[in-house]
Number of protein chains: 2
Amino acid sequence: MADVAALAGVSAQTVSRVSMGASNVRDETRDRVLAAMQQLGYSPNSAARALRYGQYGTFGVIAHRLARTGESRTVEAVVEAARDHGYTVTLVDVESPSSDDVSAAVARLSHQAIDGLVIIRAETATPDSLLLPPRLPVAVSDSRFVGHHPAVGTDQTGGAQRAVEHLLGLGHRTVHHVTGPEDSRPALQRAEGWRATLTAAGRDVPPPVTGDWSAGSGYAAGRALATQSEVTAVFCANDEMAAGLIHALHEAGRDVPGDVSVVGFDDILLAEHLWPPLTTVAQDFAAVGRELVDLLMRQVRDGEVLTDVHTLVPVRLVVRASTAPPR
Amino acid sequence: MADVAALAGVSAQTVSRVSMGASNVRDETRDRVLAAMQQLGYSPNSAARALRYGQYGTFGVIAHRLARTGESRTVEAVVEAARDHGYTVTLVDVESPSSDDVSAAVARLSHQAIDGLVIIRAETATPDSLLLPPRLPVAVSDSRFVGHHPAVGTDQTGGAQRAVEHLLGLGHRTVHHVTGPEDSRPALQRAEGWRATLTAAGRDVPPPVTGDWSAGSGYAAGRALATQSEVTAVFCANDEMAAGLIHALHEAGRDVPGDVSVVGFDDILLAEHLWPPLTTVAQDFAAVGRELVDLLMRQVRDGEVLTDVHTLVPVRLVVRASTAPPR
DNA sequence: GAGAGCGGTGTTAACGTAAACATCTTACCC
DNA sequence: GGGTAAGATGTTTACGTTAACACCGCTCTC
């Protein structure tokens with residue numbers, strides 16, 4: 001900057017004014033400064049700016065297994081919402097959602113230059129285990145943190161309820177369930193919604209099969225369930241597992257939806273083009289992302305303290321061809 | 001920091017030493033400083049550190065439509081590789097891969113605190129249109145930038161060749177093709193590989209159908225191709241479009257692979273569990289991510305100038321159940 | 001024509017940290 | 001016991017930027 005100032009024959013402050021786009025600079029001066037910038041290849045040092053300004057223009061995001069699931073949808077939505085507020089996003093992908101890994105990610109990020117932190121799927125982590133830097137605005141997409149940090153949750157139980165009611169409404173006597181991993185809060189909520197809805201309808205609650213969100217685990221579950229002829233309807237805790245399940249059912253010669261109806265959860269981009277197209281509970285990932293960023297903005301910009309805020313994003317049942325009345 | 005120093009009865013420099021983990025601090029002093037940090041909720045200011053140190057510990061990543069495709073796989077791999085080198089990643093998701101959008105993203109990021117920049121799928125952007133800050137290390141996953149920036153490419157033409165040869169080897173007379181968007185370099189390369197392989201084998205080159213990477217466009221292509229009984233083998237430029245295509249074929253009553261064999265590209269996580277499980281060209285996303293980060297590290301750490309480096313990552317044909325000899 | 005006001009520009013200081021150097025204390029050696 | 005070395009701690013300074021204020025010269029007003 002000093003070099004640019006010297007070359008343009010002005011003070012550093014004037015260079016600063018030009019690079020900030022301030023109006024009170026004579027056109028002729030501005031041109032001279034811009035030329036000098038160009039010639040010297042100057043670009044402003046953002047560390048110094050951040051130091052001066054006290055803000056970084058960046059939010060941290062802790063996500064889990066980015067490539068899988070709706071995770072990337074949420075991240076995309078957060079990135080987009082952050083951009084709309086002029087923020088960029090620093091991403092940390094943790095391998096497992098365990099308390100240790102998430103805490104390590106928090107530790108890594110808290111030494112980074114961030115104005116706020118979004119945690120997507122904290123799973124087993126507990127509010128106390130996080131060791132967050134004090135005064136760092138946080139937003140979590142897990143209702144378990146209500147009372148500690150502002151949270152945005154999808155209506156998991158409502159979604160499960162709608163899925164099960166849809167299947168019962170088609171005439172199935174009961175609905176089997178492939179769960180997510182036991183340490184996942186959304187998985188537990190979906191399972192709880194499934195169980196409660198069956199119970200409320202006075203139906204048997206068959207033993208659930210445990211998966212791990214992956215299509216492979218859905219496939220394994222499907223191989224187990226395919227042998228049981230009384231299984232006519234399965235609610236899978238996410239779409240990937242539903243795809244794996246359908247794969248196994250097809251392989252075993254069972255028709256979907258003729259022999260078995262299948263419902264997923266998430267409405268991933270491929271759900272519509274699986275075979276058969278998958279009936280599923282659509283999550284509004286964009287809304288979750290927007291809301292998470294909004295919670296951060298209210299803390300960063302307005303200085304609000306939001307520990308008790310809890311937003312619930314509604315879901316929507318999308319009926320496609322993977323469900324039908326039982327034969 | 002000054003407050004911590006005062007409370008602990010030491011100088012700011014000693015506080016710095018403690019927070020840097022320097023060894024030459026008496027245990028008793030360290031404990032006092034740590035206690036003061038705890039009490040005051042001190043955490044070091046990373047802008048100041050970056051200013052002092054001249055580095056940010058962050059790479060920028062420009063990606064396109066994160067939620068879709070292998071994109072998120074590459075991003076995940078980059079994030080992971082960067083982490084292994086102690087770097088975090090700042091993500092910018094551009095809506096379209098147009099020159100304007102990518103340039104805008106570069107402009108946004110170059111005002112951010114980054115030590116290097118990864119551009120994934122620059123597509124229509126040209127080296128000159130990017131307006132990169134001078135001296136910013138860059139790595140691009142697009143061979144078009146060879147000579148300007150170091151590049152990592154997947155062996156697109158080789159992958160297409162293997163897909164087509166696989167189908168011809170099964171006995172198909174020719175292979176139809178659903179392309180990616182025309183402004184995408186990888187799409188063009190895959191199409192070129194397809195065309196060249198057919199030509200080399202002395203087969204007819206049927207007119208390709210243009211898609212846009214989305215499953216929906218594959219579905220549209222499938223509806224068109226399903227009516228043509230001479231179509232027995234289709235190579236789709238990615239797995240999503242293959243899924244859409246298969247959906248359309250199934251809907252039209254055409255069996256896969258009985259009537260029509262289908263090959264995709266990417267080997268997305270769901271490819272194995274589509275119905276039928278999809279034969280596809282597996283990209284080594286992790287290798288691409290690692291290589292991209294490695295190119296940045298060589299520039300950042302060793303000061304190398306790498307404009308002419310071009311790494312080609314090999315692909316692998318994964319044969320599953322969506323391909324078979326023609327009836 | 002003197003004072004006020006304003007646009008353009010320069011000067012000073014501060015943001016929080018860590019390297020470099022200076023100083024102090026302690027332990028050890030002959 | 002004096003000298004030396006090593007370890008612990010403090011002081012100074014600079015990183016690059018911008019807010020706040022100071023200044024200059026011009027125009028406008030009465």
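Below, read A as the first sequence line, B as the second, and so on, with proteins coming before strands; counting in each chain starts at 1.
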Sugar-phosphate only, base, or nothing, as touched by B:V15 at under 4.0 Å among non-hydrogen atoms: nothing
Near-strand residues of residues 33-46 of chain B, defined as heavy-atom separation under 4.0 angstrom from DNA chain D: none
Output one line per pair: protein atom, nucleotide atom from nucleotides 19-21 of chain D, and distance, for all N/O pairs under 3.5 Å.
unit_1, atom_1, unit_2, atom_2, d
D:dA19, O4', A:R52, NH1, 3.4
D:dA19, N6, A:Q13, OE1, 2.8

Sequence neighbours excluded, every pair satisfying ring-ring contact (aromatic ring centres under 6.0 Å, His included) that has a member inside residues 67-102 of chain A: A:F59-A:Y87
Sole candidate of B:T74, B:V78, B:T311 that passes side-chain contact (heavy atoms from CB on, under 4.5 Å) when paired with B:V288: B:T74
B:N24 atom CG, neighbour heavy-atom count above 12 within 6.0 Å: yes
side-chain hydrogen bond (donor to acceptor under 3.5 Å, both in side chains) evaluation trace for B:D115 with B:Q55: CA-CA 6 Å; B:D115 300 318; B:Q55 298 210 347; 5.6 Å; no
B:T58 side chain to B:T90 side chain, donor-acceptor N/O pair below 3.5 angstrom: no
Side chain to side chain contact (heavy atoms under 4.5 Å, CB included) between A:H64 and A:I120, worked out: CA-CA 7 Å; A:H64 166 52; A:I120 298 176; over 6 Å; no
Span of DNA chain C in contact with chain B (heavy atoms, under 4.0 Å): C:dG16 to C:dA20
B:R26 side-chain N/O to D:dT9 phosphate OP1/OP2 under 4.0 Å: yes
Any A:R49 side-chain nitrogen or oxygen under 4.0 Å from OP1 or OP2 of D:dT18: yes
Sequence neighbours excluded, every pair satisfying salt bridge (Lys or Arg N to Asp or Glu O under 4.0 Å) that has a member inside residues 76-92 of chain B: A:R65-B:E76, A:E95-B:R83
Length of the CG-C1' vector between B:N24 and D:dA6, whole Å: 11 Å
Worked check of side-chain hydrogen bond (donor to acceptor under 3.5 Å, both in side chains) between A:R49 and A:S19: CA-CA 11 Å; A:R49 278 198 169 163; A:S19 81; 2.9 Å; yes
Five-pair end axes of the helix from C:dG1-D:dC30 to C:dC30-D:dG1, angle between them (10°): 40°
